[in-house]
2 protein chains.
Amino acid sequence: MTRKGTLTTPRKTILEIVSLSSDHPSAADVIDRLKARGCCFAYATVYNSLRFLTQEGLLREVKLEGAASRYDARVEEHQHIICTSCGKVGEVFVGPPIEWLNRIAAETGYRIDKQEFLFKGVCPACRTAQIVEE
Amino acid sequence: MTRKGTLTTPRKTILEIVSLSSDHPSAADVIDRLKARGCCFAYATVYNSLRFLTQEGLLREVKLEGAASRYDARVEEHQHIICTSCGKVGEVFVGPPIEWLNRIAAETGYRIDKQEFLFKGVCPACRTAQIVEE
DNA sequence: TTTCTTGCAAAACATTTGCAAATCG
DNA sequence: CGATTTGCAAATGTTTTGCAAGAAA
């Protein structure tokens, strides 16, 4: 079942970098942080490693704003909320009500297997800032 | 308020193409369909037009699977569900319960302004096909 | 004529691929 | 050894940019 590949040095290092980051780094961010540590792997290796780690369930790929995929070491089911003012990404652990999902399934005829939700709004810090500005 | 630009020929044609499509075409799809009609504008013009039409509220940009942005002439609030088997994209008009949104706002501290939901599952046709296969 | 649009080609990104060399098992 | 993984550079796909020429107000 767990047809594991090897947790090689690049893979282990990249997993560690993402795990220590709370900001959902992109591949480019990972490369920057590798450089900051004084080590560096080929682009292809970084992308391959991120794909490998995602397939193994050790990371989750998330698509937020912007073109680049970002990676999250929190693999538990959760969603994201992004601040339209400062870009800060929050985690959302409150799952959707089952009745709502059932209604969608009934109306569309699709069987629902997975959901990816992205909320947009204003984070607490920016809300405070907005009030001060007025 | 409605600081409108001009609805030029390229813009009008591209809006028409997206409006007549029910499959949320990407910029590349639009270019293909333009060619099929025997007319063709510069890449930049297609991208500019799509951005313009989106800003004017005549189209909506949607990010589904894949790298390319796709465009939807249904600008009313709704969400999407994609079949993981055949890729067919369905529309979801059942909005989320307000209590759930309130709970998320309370737990994250964010003010929620907008949501982008992508459901994944199996469409009716593919579900039938799956049953037949067994 | 002043401003907005278009066309074109090049640039900018994000990501993948092909292949030889290195490493793992 | 045979299979997997890496590095590198080039290719791919998507979107943007710079700028001159053209169309609109």
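Every chain is numbered from 1, with letters handed out A, B, ... down the list of sequences. Please read these numbers as outputs of a predicted model, since none were measured by experiment.
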A/Lys12 NZ to C/dT23 C1', in whole Å, measures 14 Å
For B/Val75, the hydrophobic cluster (side chain heavy atoms closer than 4.5 Å, chained through members) also holds none
Looking only at D/dT6, D/dT16, C/dC24, the nucleotide nearest the B/Arg51 side chain is D/dT16
### Message
Any side-chain N or O of A/Thr8 below 4.0 angstrom from OP1/OP2 of C/dT23?
### Response
no
Separation of D/dT15 atom C1' from B/Glu61 atom CD, nearest Å, is 11 Å
| ILVMFWY cluster, A/Val62 and A/Val18 together (side-chain gap under 4.5 Å) | no
Check your understanding: When you look at NZ of A/Lys88, are more than 12 heavy atoms from neighbouring residues, nucleotides or ligands closer to it than 6.0 Å?
Key -> no
Please indicate whether B/Arg37 has more than 12 foreign heavy atoms, meaning atoms of other residues, nucleotides or ligands, lying under 6.0 Å from its CZ.
-> yes
When rounded to whole Å, the CG to P distance for the pair A/Leu7 and D/dT6 reads 10 Å
Original post:
Could A/Lys120 and B/Glu116 be called an ion pair, given the rule that one side-chain N must be under 4.0 Å from one carboxylate O?
Top reply: yes
On DNA chain C, more 5' by nearest nucleotide between A/Ala28 and A/Asn48 is A/Ala28
B/Glu56 atom CD is separated from C/dC4 atom P, nearest whole Å, by 13 Å
Check: Taking atom types as modelled, is there a side-chain donor on A/Ser21 or A/Arg33 under 3.5 Å from an acceptor on the other?
Finding: yes
Discussion item. Check the phosphate of C/dT15 against A/Ser69, side-chain N and O only, distance under 4.0 Å to OP1 or OP2. Yes or no?
Written reply: yes
Next item on the list: Classify the ring geometry between A/His24 and A/His80 as parallel (under 30°), tilted (30 to 60°) or perpendicular (over 60°).
Entry: perpendicular
- Message: For a quick check of understanding: with a heavy-atom distance under 4.0 Å over all strands, which category does B/Ser26 fall into, base, sugar-phosphate or nothing?
- Response: nothing
note: B/Arg11, atom CZ; D/dA24, atom P; distance rounded to Å ~ 12 Å
Closest to the side chain of B/Ala68, out of C/dT15, D/dT6, D/dT15, is D/dT15
Side-chain contact check for B/Pro10: nearest option of C/dA14, C/dT6, C/dG25 is C/dT6
From CG of A/Leu50 across to P of D/dT5 the rounded distance in Å is 15 Å
Here the distance between atom P of D/dA24 and atom CZ of B/Phe52, to the nearest Å, is 14 Å
Q. Relative to each other, are the rings of B/Trp100 and A/Phe117 parallel, tilted or perpendicular (30° and 60° limits)?
A. perpendicular
request  = Report yes if at least one side-chain N or O of B/Tyr47 is closer than 4.0 Å to OP1 or OP2 of D/dT15; otherwise report no.
outcome  = yes
As a check of understanding: the bend across the helix from C/dT1-D/dA25 to C/dG25-D/dC1, end axes from five pairs, rounded to 10 degrees, works out to 30°
Q) Is the distance between the ring centroids of B/Phe41 and B/Tyr47 less than 6.0 Å? A) no
Atom CG of B/Leu64 and atom P of D/dT14 are separated, to the nearest Å, by 14 Å
Exercise. Can you tell me if A/Asp29 and A/Ser26 form a side-chain donor-acceptor pair at under 3.5 Å?
Worked result: yes
Contact check, residues 38-46 of chain B vs DNA chain C, heavy-atom distance under 4.0 Å, returns B/Phe41, B/Ala42, B/Ala44, B/Thr45
